[in-house]
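A short worksheet on the structure shown next.
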Amino acid sequence: MDVVTIEGNEYKVVAQRPKSLTDKPFTYCPGCNHGTTHKIIAEVIDELGIQHRCIGIASVGCSVFSYEFFDFDFISVPHGRALAVATGAKRMRPNSVLMTYQGDGDLAAIGIAETIHACNRGERVTCIFVNNAIYGMTGGQMAPTTLLGMKTTTSPLGRDAKRIGWPIKMSEMLAPLPGAAYIARVSMHDAKHILKAKAAIKKAFRAQLEDKGFSMVEVLSNCNVNWHVTPQEGVKFVEEHMTKNFPLGVYKDVWEDEKAAKQTDKEKG
Amino acid sequence: MDVVTIEGNEYKVVAQRPKSLTDKPFTYCPGCNHGTTHKIIAEVIDELGIQHRCIGIASVGCSVFSYEFFDFDFISVPHGRALAVATGAKRMRPNSVLMTYQGDGDLAAIGIAETIHACNRGERVTCIFVNNAIYGMTGGQMAPTTLLGMKTTTSPLGRDAKRIGWPIKMSEMLAPLPGAAYIARVSMHDAKHILKAKAAIKKAFRAQLEDKGFSMVEVLSNCNVNWHVTPQEGVKFVEEHMTKNFPLGVYKDVWEDEKAAKQTDKEKG
Amino acid sequence: MPMIEILDDTCKGCLLCIPACPHELIHNTKAKLNKRGLYPVEYVDPDGKCTGCRLCSIVCPDAAIRVYKEVKKKSA
Amino acid sequence: MPMIEILDDTCKGCLLCIPACPHELIHNTKAKLNKRGLYPVEYVDPDGKCTGCRLCSIVCPDAAIRVYKEVKKKSA
Amino acid sequence: MLLEEYIFAGFGGQGIMTIGQIIAYAGMLQDFYTAWIPSYGPESRGGTANCNVVISDEIIGSPHTHHPNGVIVMNAPSFDKFEPMMASGGVLVVNTNLSPKRSERDDLSVVYIPTADIAMEIGHPVLASVTALGAFAAARGVFDDAHVEKGIDWALPARHKDMLEMNIKAYQEGKKAAEAQLKTATK
Amino acid sequence: MLLEEYIFAGFGGQGIMTIGQIIAYAGMLQDFYTAWIPSYGPESRGGTANCNVVISDEIIGSPHTHHPNGVIVMNAPSFDKFEPMMASGGVLVVNTNLSPKRSERDDLSVVYIPTADIAMEIGHPVLASVTALGAFAAARGVFDDAHVEKGIDWALPARHKDMLEMNIKAYQEGKKAAEAQLKTATK
Amino acid sequence: MSDERVFMKGNHAACEGAYRAGCKGYFGYPITPQNEVTEYMSAHIWEHGGTFIQSESEVAAINMVMGASATGTRAMTSSSSPGISLKQEGLSYIAMMELPMVVMNVVRCGPGLGNIAPHQGDYFQATKGGGHGDYRLITLAPNSVQEMAQFVYDAFNLADKWRNPAMVLTDGTIGQMMEPVDYTTMPWMDPPDKSEWQLDEFQEGRERHVLTSIWLDPADMAVAHEKLIEKYERLKREEVRYTEYLTDDAEVLVVAIGSPSRVTHSAIRILRQEGLKVGLLRPITVWPFPYSAIREYADSKHVKAILVAEMNWGQMVEDVKLSVLGKKPLHFVPKHGGLTFTPEDLTEPIREILKNPESPNTLWHVS
Amino acid sequence: MSDERVFMKGNHAACEGAYRAGCKGYFGYPITPQNEVTEYMSAHIWEHGGTFIQSESEVAAINMVMGASATGTRAMTSSSSPGISLKQEGLSYIAMMELPMVVMNVVRCGPGLGNIAPHQGDYFQATKGGGHGDYRLITLAPNSVQEMAQFVYDAFNLADKWRNPAMVLTDGTIGQMMEPVDYTTMPWMDPPDKSEWQLDEFQEGRERHVLTSIWLDPADMAVAHEKLIEKYERLKREEVRYTEYLTDDAEVLVVAIGSPSRVTHSAIRILRQEGLKVGLLRPITVWPFPYSAIREYADSKHVKAILVAEMNWGQMVEDVKLSVLGKKPLHFVPKHGGLTFTPEDLTEPIREILKNPESPNTLWHVS
Ligand SMILES: Cc1ncc(C[n+]2csc(CCOP(=O)(O)OP(=O)(O)O)c2C)c(N)n1
Ligand SMILES: Cc1ncc(C[n+]2csc(CCOP(=O)(O)OP(=O)(O)O)c2C)c(N)n1
Ligand code: SF4
Ligand code: SF4
Ligand code: SF4
Ligand code: SF4
Ligand code: SF4
Ligand code: SF4
Ligand SMILES: [Mg+2]
Ligand SMILES: [Mg+2]
């Protein structure tokens with residue numbers, strides 16, 4: 001841990017910008033949880049000591065420039081195809097640690113086929129899925145995860161299930177696939193939940209490092225700007241509405257399953 | 001019912017080619033359940049009296065020429081996109097009855113995004129999904145539904161989960177989506193099951209006619225030719241192996257759900 | 001008496017109807033080639049055992065079996 | 001005594017850290033514009049109440065808060 | 001030949017796009033050819049937003065301008081970016097609330113307006129941009145108030161029509177503030 | 001100049017493709033240019049399957065042939081389709097087990113072989129096509145047995161190498177049957 | 001809306017053109033710089049009795065339009081470059097099935113993700129067939145907000161007239177800018193009757209309708225091909241459209257479309273003031289392309305050289321070369337990266353060409 | 001495999017060429033007429049230390065190849081026409097990121113589903129950029145089974161040499177046919193070192209590697225564009241390949257690729273026997289295209305006319321026209337629907353052209 005001297009006193013720095021981030025300030029809007037998510041991912045990577053084994057896949061969305069913020073090898077890929085690209089890279093370099101960073105439009109709309117099939121194949125990659133219930137980058141259009149009644153630039157009267165369907169729950173959809181090793185949904189709305197999110201992300205990388213299969217962490221995030229609220233109102237909305245529609249929790253945990261299986265074996269045996 | 005005179009006696013015809021089929025003989029391989037499925041669909045359409053309201057969507061697979069066999073309006077569309085096409089047509093002509101007829105490659109591989117999103121939007125269309133665990137038309141490649149261990153031309157040593165994932169269970173995946181009105185898995189392996197399948201298909205069309213939402217019947221079928229067995233061995237394989245991996249049953253029934261909801265209301269009220 | 005008819009040129013000789021008939025009335029005789037160059041099955045029911053149960057027809061993928069039932073003569 | 005530092009030019013003035021601090025040590029003073037043209041928040045802790053709990057830093061989307069803890073002097 | 005080429009710039013959400021549209025609309029009412037175009041970045045995130053306006057009595061070629069003769073800057077980064085690009089003789093309006101610098105060019109006519117302060121006085125921070133527009137109209141002197149005010153009406157969404165009067169007030173206050181400065185300057 | 005152009009046709013799964021490849025392979029061993037191409041329909045379903053073989057002492061243009069001088073038909077629809085296309089002087093082998101018709105052309109040399117019967121006698125229905133090939137080789141007279149037999153060996157997948165002798169037997173029986181007929185014909 | 005001029009964005013005007021043409025279905029996926037289309041459609045198409053779906057992807061969108069058009073209704077989609085690439089398979093099917101529909105490409109800068117600035121890198125894709133097989137889109141290239149509305153309107157009519165997909169090919173500048181629009185040339189209309197082939201409910205008596213693009217037998221497919229080709233040849237004879245500006249005496253003929261054609265206009269004004277004889281031929285249809293019109297200028301006495309200005313590495317210039325066939329020197333001025341032309345980008349080289357028609361600085365070469 | 005000749009299918013030989021070039025990743029989706037590639041790869045690539053995935057779609061496949069190539073390994077995909085249309089967005093990204101990789105298109109008959117017979121309707125898509133933006137694929141056109149292996153092998157080398165995607169463009173006939181192949185010209189090789197840019201594990205000390213296709217600022221993007229363009233211009237100077245057959249004295253020069261070029265060979269043999277002077281120029285690279293080579297013939301004294309034979313409505317003939325530039329009459333003989341040429345299809349018109357070089361029956365026109 002870094003130690004600095006301030007006004008004659010020695011201090012250790014107990015919180016600062018993690019090493020796996022570059023020095024470039026985030027270009028996200030003030031209060032945007034993309035930043036928070038970047039930060040905890042980088043902390044996890046620092047803690048696991050895998051910075052130089054990581055290959056990041058930047059998807060198209062507000063995080064399109066994530067490759068400028070994370071300090072390891074990166075590729076920026078077509079909208080929705082991050083998990084296909086990750087598959088190709090991981091199969092060629094099984095020792096690399098593959099991370100995709102994707103928004104809800106990217107992962108659940110245009111890229112849902114790639115998402116489901118990568119998970120079903122049990123690709124050893126880690127997917128960070130930032131669900132902010134909207135298309136941030138393009139200016140606030142409806143996402144597959146937009147809540148019912150929510151107004152967006154393409155659902156100006158609020159999302160109406162009969163016309164345009166229901167918010168899609170990706171964690172619930174993927175968890176039953178046998179290729180999934182770890183699937184969790186976390187939230188960014190306060191410090192406690194951010195810490196939980198970090199723990200989940202660490203587990204997701206561990207699933208990859210231990211060759212268990214596909215891992216995904218769905219991160220409920222704000223997009224104040226396109227929700228037309230302040231950052232504080234934004235995280236409040238995440239807490240009050242997003243988590244109600246998208247229940248937090250671990251949807252698949254291969255270690256728990258293995259334990260349970262062993263238990264059953266023992267009981268049987 | 002038709003009445004004919006044979007050797008002086010009057011007979012009524014109690015089983016014959018349904019009206020909603022053209023006279024063109026099927027070009028499927030001997031014993032192929034695509035034919036069986038066509039037949040019962042046509043019977044259902046006859047019984048519901050909707051032949052001239054139907055628009056069929058022929059997908060790409062062995063059934064690519066289904067439009068030559070069904071006697072109503074039809075369009076042949078790109079591989080995997082049947083449900084997107086059906087969506088466009090149904091939205092423009094809500095009084096038409098839309099049917100897609102799709103194989104497992106078409107619906108669960110290249111077209112899985114269109115499948116999930118059409119279901120999630122609750123499109124009022126009926127999807128007949130012929131799951132024969134293989135790509136029939138192109139000569140027997142692995143399908144997303146190919147069973148573990150099954151040899152195909154692209155999994156010559158048998159499907160190996162670790163390399164290429166697990167057989168995908170579409171009915172289970174779609175049923176939890178709120179847009180789904182009726183989802184059932186049926187089998188073609190004997191007369192009893194064929195009759196059940198027919199009942200399910202009828203319900204699926206009813207879901208559309210009653211504007212309930214998306215309906216799909218997954219039909220477990222043989223492909224003797226690419227399984228390299230006789231038709232009889234084929235249907236046996238469906239009975240013994242396919243139904244074990246893909247359990248038969250009704251996965252979503254909007255009428256049952258409505259009944260249950262009413263019941264709960266009553267109990268509460 | 002009920003009976004069935006195999007449409008010879010439609011039948012593809014897949015043989016699925018044979019085990020479907022509870023009375024074993026359908027046979028793979030290979031007696032003739034049809035115009036597709038395939039051997040249609042044959043319905044052989046000298047004792048009139050057919051019940052018109054339609055099971056054979058239901059399993060036929062090619063709708064190659066017609067099932068007939070005698071029309072009940074009204075009080076003749 | 002623990003303390004924090006707001007990196008003025010990194011801070012975007014989102015104000016998320018303010019409710020995060022249990023001791024209300026961070027304030028939206030709008031005292032100065034940073035070089036992005038935004039108002040960074042200010043850390044005001046005259047009484048040394050900061051516990052170094054890091055909650056402010058955890059919620060900061062821009063990693064604009066450094067948290068320091070004094071190094072325990074070994075038996076000095 | 002009339003050829004007006006403007007850039008209005010600031011943060012996204014400051015109303016910069018709208019005042020550009022208003023002035024272009026006023027130009028149309030005055031029977032000029034008129035075109036407006038935004039800098040359409042990944043709009044909502046960081047940086048400056050700006051729009052270009054071209055008004056002419058001949059068919060307009062490019063709606064983009066590289067040497068504007070009229071500029072409004074609502075924040076500091078915009079000042080830094082656009083002030084140097086301006087054509088000689090142009091008019092520059094600076095929002096002093098968020099852009100403290102002074103122009104060192106002597107070939108421009110510059111007015112410094114605390115638009116946020118004026119807007120708050122009238123009653124709503126969102127009026128800052130229209131205040132700036134008032135100042136700009138005064139300094140540029142090409143537009144009839146009646147046309148600009150029609151433009152303000154046109155630009156206000158139905159649900160905000162109750163704000164029309166406040167907007168016109170802000171426009172007028174901006175004008176006044178500029179006129180005062182310009183008078184001083186010419187004195 | 002040598003220019004052999006063949007079509008071998010029948011149901012899918014009858015081994016038609018393989019015998020085409022065997023004869024093309026034999027051609028290669030005899031140092032000819034040689035090409036084989038299937039009619040690659042939605043293969044497995046209905047109708048007839050066929051392949052084209054071209055063997056020449058000059059570079060081969062198209063591997064497709066429209067006027068073959070050698071044809072094997074293993075079923076009736078193939079007879080109907082390809083017999084009329086044949087070049088004058090060509091050799092036609094007809095599998096009488098599934099193709100009962102007789103050719104009415106007098107410019108062809110035709111042999112009628114009950115290939116399924118012969119195959120069953122030898123021990124396996126799958127041998128019908130090689131039997132037909134034997135008849136064809138006899139009638140066409142371009143190939144050394146040694147080369148064709150090498151071709152048969154090459155075409156047999158490793159897991160079926162135990163069938164090699166039976167295949168060669170079938171080839172020879174087909175040859176014999178054809179030779180007998182040809183002798184009668186020339187008598 | 002009244003017949004007065006309204007001040008609108010190009011992307012919005014395109015929607016208004018569609019409404020007036022009787023478009024009842026819009027299916028699309030957001031992408032800059034044409035998000036306004038998706039947004040405007042989602043807000044307003046209902047007022048015109050139509051339906052909007054934000055599809056799960058561009059691939060889904062083009063196939064939804066396929067379904068909608070198959071029922072005989074007017075339907076469209078729009079996107080920008082990467083999204084248009086994803087529609088190529090669908091367009092190929094639609095063309096072979098002879099389904100009328102409209103697709104708009106508000107081109108951004110590629111390849112890849114590129115950026116969202118205006119560009120013209122998709123000219124080849126639009127005009128030579130980006131999808132597989134021999135097919136063509138009737139392709140109109142607006143250069144103003146007025147034309148955005150008008151050409152979408154026209155595209156629907158051409159599409160129905162020819163039973164062929166039509167594309168409106170424009171660039172980010174035209175989509176994003178606002179200008180006055182006058183809708184009097186676009187009366188509200190009912191689309192033509194398509195009951196002869198559309199998929200719909202029907203009464204006993206009519207033949208069933210089948211739309212397909214597969215003919216397994218090459219001989220049958222060849223018939224289908226030849227029918228298509230005959231249509232295309234007729235289109236080439238009957239539907240070529242272009243405008244001319246001061247071309248009668250032009251010594252340098254500029255050929256440009258989209259926003260560069262506007263800048264060309266400015267450049268020509270400047271040069272004419274200097275007494276220099278420069279004119280503009282602007283193709284309206286880039287497919288079918290006005291080969292003969294340009295060739296006539298190449299054959300004319302007054303034209304000394306021809307210049308093409310494109311925001312790309314040289315695409316339309318190949319079509320111009322196919323017109324000019326070496327009869328006059330052909331020059332090319334490109335603009336890369338999403339940068340836009342200024343009049344000076346054109347006046348400079350044109351002055352030089354007038355001095356030396358073979359001026360090597362801008363001379364175009366293919367090989 | 002020994003260095004003896006083996007008798008193989010074109011699609012299989014392509015795989016063997018890939019293995020010898022050190023290809024370690026194949027990602028693809030089945031489609032006729034190139035299913036054999038998917039099948040052969042799934043069976044054999046493991047023996048060469050590689051990996052096969054049958055992807056969920058063609059879109060996924062091209063993106064898997066993107067990922068694989070990004071790590072510095074040699075990887076490929078293949079498909080046929082509709083599947084290639086779906087890869088256009090991915091190809092555009094790959095080109096802009098300058099990732100070397102190989103894609104093979106065994107063209108079938110389009111548009112739409114069309115049929116599975118051989119065709120050449122995807123020439124424009126391959127050579128002019130079917131995806132969005134200005135990019136080019138190095139495109140090789142084999143006409144034999146031997147070349148299927150060789151050109152895939154060469155494509156990998158060219159792709160790495162130029163850091164550019166390369167396409168092998170062939171037709172169903174060449175993919176499906178079997179011929180003898182000799183692999184001695186394709187020694188087993190290790191791909192070149194790409195540690196300078198590849199994504200991989202690394203030690204403290206090396207800079208991180210980033211692959212991207214986005215430059216938000218047009219000025220930056222313009223730099224990226226110009227770098228690409230410069231590369232393409234060099235490619236055009238350095239990599240044009242073609243073969244000639246009896247062209248030295250030819251009065252009619254035929255230009256053809258793929259299976260039609262084989263039939264042309266036969267036709268020329270027939271005509272030469274009649275004493276008629278006919279030759280064949282067969283482009284090996286269709287991008288970069290041998291414009292100058294053809295132009296030299298157009299300029300030559302002996303050539304009286306040029307004829308292009310394509311299995312389409314006329315695509316490569318436009319490139320030939322750009323070479324010939326009206327210097328000699330240009331003729332075109334098409335074949336539609338998946339029908340294949342016979343030698344008579346060519347001998348007839350050539351005889352006629354020799355009599356009358358302006359023979360109107362086959363004269364090509366663009367406008
Ligand atoms: C093929 C394609 N289609 C559409 C787009 C435009 N586009 C860019 S980002 C985006 C959606 C972003 O939403 P999301 O994935 O939720 O990320 P967020 O910005 O909300 O973080 C879209 C539609 C594109 N770049 N490429
Ligand atoms: C875009 C595209 N990719 C691939 C194909 C080739 N193709 C045709 S049918 C098919 C798969 C058929 O399998 P399935 O959907 O399971 O239907 P089945 O034949 O088994 O009934 C494929 C891959 C195609 N026509 N289009
Ligand atoms: S638009 Fe929304 S998601 Fe994007 S950076 Fe801004 S707040 Fe974050
Ligand atoms: S290949 Fe299989 S699915 Fe296709 S028709 Fe034959 S048996 Fe049926
Ligand atoms: S109807 Fe029943 S009894 Fe009669 S033949 Fe058929 S299966 Fe047998
Ligand atoms: S089931 Fe039908 S097709 Fe099969 S053998 Fe019986 S009658 Fe013939
Ligand atoms: S570290 Fe804890 S106590 Fe100190 S300022 Fe931050 S939140 Fe407050
Ligand atoms: S959370 Fe960070 S960026 Fe936001 S106000 Fe606090 S220090 Fe500034
Ligand atoms: Mg989002
Ligand atoms: Mg299948």
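Below, chains carry the letters A, B, ... as their sequence lines are ordered, and counting in each starts from 1.
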Inset, instruction - Identify the residues of residues 87-117 of chain A whose heavy atoms come closer than 4.5 Å to a heavy atom of chain B, ordered by number, or report 'none'. - result: Arg91(A), Ala108(A), Ala109(A), Ile112(A), Ala113(A), Ile116(A), His117(A)

Inset, instruction - Go through the atoms of Pro178(B) and report whether side chain, backbone, both or neither lie under 4.5 Å from a heavy atom of chain A. - result: both

Legend entry - More than 12 heavy atoms of other groups within 6.0 Å of Lys202(B) NZ: yes

Legend entry - Residues in residues 158-168 of chain A near chain B [non-hydrogen atoms, under 4.5 Å]: Arg159(A), Ala161(A), Lys162(A), Arg163(A), Ile164(A), Gly165(A), Trp166(A), Ile168(A)

Legend entry - Residue selection (most heavy-atom pairs with chain A, distance under 4.5 Å) from Glu172(B), Arg124(B), Lys169(B): Arg124(B)

